[in-house]
Amino acid sequence: MARSEPRVVVVGAGIGGLVSALLLAHQGVAVTLVESASGPGGKMHRLRVDGADVDAGPTVLTMRWVFEEILAAVGATLADLPALTRLDVLARHAWRGHAQTLDLYADAARSVEAVGDFAGAAEARRFEAFCREVRTVYRTLETPYLRSARPDFFGMVRSLGPSGLGTLSGLGPFATLWQTLGRHFRDPRLRQLFARYATYCGASPWQAPATLELVAQVEMDGVWTVDGGMHALARRMADLAAARGAVLRWHSPVQRILLDGGRACGVQLASGETLAADAVLFNGDPQALVQGLLGDAVRRAVPAVPAAQRSLSAVTWAVHAPTSGFELAHHNVFFDDDYASEFDDIFRHRRLPRQGTVYVCAQDRGQGAGPDRGAAERLLCLVNAPADGDHRSFDDVEVDPCEFRSLGLMRACGLRIGATHRQVRRTTPQDFARRFPATGGALYGQATHGWMTLFRRPGAASAVPGLFLAGGGVHPGPGVPMAALSGQRAASALMAHLASTRRWHPVATSGGTSTPSATTVATP
């Protein structure tokens, strides 16, 4: 008797793979998710530091509607996730040599008032105009770009229509984010602050398209912390997939993707075990396919991206130690004097920045009171870096001075971190390159440099029939909600593929079903 249930192997348990596995399993597909690590999350990982778990990847959730839609599709709600808490203060910003800080708030009116107190009434009016523009840009691009399967230039032009084209044309043909912000703000600190949104996509503000200003709207729409940290969100998504029948296998690296007649037909694990499938979904950096890390047969699945076009990497310090002198919010950004030199160092000279911006996530601070005075708290400190971790070492001779400069910038802004060696774990681009093969340590896939890069990310369907893609390296781009959207798109494309190649139609019940096969399998 022919099988009534198609089989799919999902490779990788980042948020894109988890979303795909959840949606496919809910629709009656026999899903096996294989992951080389010991658990789910991908870049949503944590580090154990001096007895505390520190989120060492993404630190907050935005675009909550993405998860609302995904959960609704499987008969669940946000109540099925760890508790989400909306931040009142979006971020606290400080500059070397300036005693005054600037907070941006979830309440737009408070942000306008704060900008006025910081930079004057005229700049507050310019900020209001900026907010109106980014709101319009976001609404213009949400459907034709974020919600599309994979946009192309001419297709998006048709979707935008005269009104949408007028909005984008108003930004300036081929303008960069830095140029557009110069049109809005006179205070260089505000231009520097909002230019940082380019780094959310791993890009330089001097090369990123002006449309990335829409990140400001994403944050104004809400920023949430996750109870238990972002890793808890990944674990819960894995549990939801397992409850709907997905089999989750940890410590199961894939050696190669198998083809039959040019079509993906399963995977071979590093152990030698073969898992047959009607389709394969790869949730990893697409360049791992190009480099043959999943076998020579799938090298042609996506176009190659030169190493020079990689996005930012980072040097990070996961810390569990007391702080003093600066009242931290959950998100904190410390700016140095010469912002342009940071990106010139990284993208042109391929070195750690001499005047790098320092981001600090104080994970025990948010809506309520922070840690007791003198008590250790969990911090993730980050400085942008070149994604060259696969062809050179980032040793102490190079990284120690970067750490010294970063601590010096924070001290100049008033923050002191009383950490001993055992209270800090440092991660370099070389470490990220080992953890995420084929990336060189790039954390955002291909850098979003120039307008056309918006159309160059691979879509859900690869050039190999039966092989589908999800993750921050594919459309619509990097970040937790974007990777989740990619998982949604990949599941949809894969279901259409199954429907076109088999006489099979999914029947899903709200909430799914729990069966003995829905347990998580830990392989030795």
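Nothing here was measured: the structure is a model prediction, and the numbers come from that model. For reference, positions follow the sequence shown, starting with 1.
In this structure, Asp431 contributes its side chain and Thr428 its backbone to a donor-acceptor pair below 3.5 Å. In this structure a side-chain-to-backbone donor-acceptor pair under 3.5 Å is present from Gln423 to Thr420. Side-chain N or O atoms of His231 include none that pairs as donor or acceptor with a backbone N or O of Arg46 at under 3.5 Å. Although no hydrogens or angles enter the test, the distance criterion places a donor-acceptor pair under 3.5 Å between the side chain of Ser311 and the main chain of Gly445.
Leu409 contributes atom CG, which lies 12.0 Å from atom CH2 of Trp95 (distance to the nearest 0.5 angstrom).
Residue Leu352 is tested with Val399, Ile346, Asp345 for a side-chain contact (heavy atoms from CB on, under 4.5 Å); the sole match is Val399.
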Subject >> Pair Val218-Met63, side chain to side chain contact (heavy atoms under 4.5 Å, CB included): steps then yes or no >> reply: CA-CA 7 Å; Val218 169; Met63 297 171 66; 3.7 Å; yes

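Side chain to side chain, Gln363 and Asp55 fail the donor-acceptor criterion of an N or O pair below 3.5 Å.
Cation-pi contact between Arg191 and Phe194: absent, since separation from the ring centre below 6.0 Å together with deviation from the ring axis within 45° is not met.
Ring pair Phe335/His93 is parallel by interplanar angle, where below 30° counts as parallel and above 60° as perpendicular. Between Phe432 and Phe436, the ring planes are parallel. Angles under 30° get that label, and only those over 60° would be called perpendicular.
Residues Phe347 and His449 bring their aromatic ring centres within 6.0 Å.
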